[in-house]
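Reviewing the structure listed below.
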Amino acid sequence: MANFPVINLEKLNGEERQATMEKINDACENWEFFELVNHGIANELLDTVERLTKEHYRKCMEQRFKEFVASKALEGVGAEVKDMDWESTFFLRHLPDSNLSEISNLTEEYM
């Protein structure tokens, strides 16, 4: 299996812009996800968002997810549920329109 796409955002400015845009297009069409590097977002901010997201799931959504899995009687999922990457299904969007008001029980720190 090939490695998933890694997009270097620094290359959007300069001679490699077109090639970078093609990589993004290919990643969206064929992979539906990719990793961004050199995006300029501080690691501290990313760590804070990760912490807040995990706290939100633990507080507001984890039990509902476990109940949903149990109601579907999915075999062998019990052990997996404990190790679930909860934020993988949590989508925050700020642009073009924010969805923060649609997500209940977010802490002020998210805003």
Let me confirm one number: the CD-CD distance from Glu55 to Glu50, rounded to the nearest 0.5 Å.
11.0 Å

CA sep, side-chain torsions, deciding dist, call: Thr20, Asn8, side-chain contact (heavy atoms from CB on, under 4.5 Å)
CA-CA 8 Å; Thr20 302; Asn8 183 348; over 6 Å; no

Closest approach of Phe34 and Ile7, non-hydrogen atoms and distance?
CD1-CG1, 3.6 Å

Pick out which of Thr53, Asp47, Leu46 makes a side chain to side chain contact (heavy atoms under 4.5 Å, CB included) with Val49.
Thr53

Under the side-chain contact (heavy atoms from CB on, under 4.5 Å) test, residues paired with Glu109 that sit two or more places apart:
Thr48, Arg51, Leu52, Thr107

With a sphere of 6.0 Å drawn around CD of Glu102, does it hold more than 12 non-hydrogen atoms of other residues, nucleotides or ligands?
yes

Quick one: do Leu36 and Ile24 end up in the same hydrophobic cluster if we chain Ile, Leu, Val, Met, Phe, Trp and Tyr together by side-chain heavy atoms under 4.5 Å apart?
yes

Spacing of CG belonging to Leu12 relative to NE2 belonging to His39, to within rounding of 0.5 Å:
13.0 Å

Is the ring pair Phe33/Phe4 parallel, tilted or perpendicular, if the boundaries are 30 and 60 degrees?
tilted

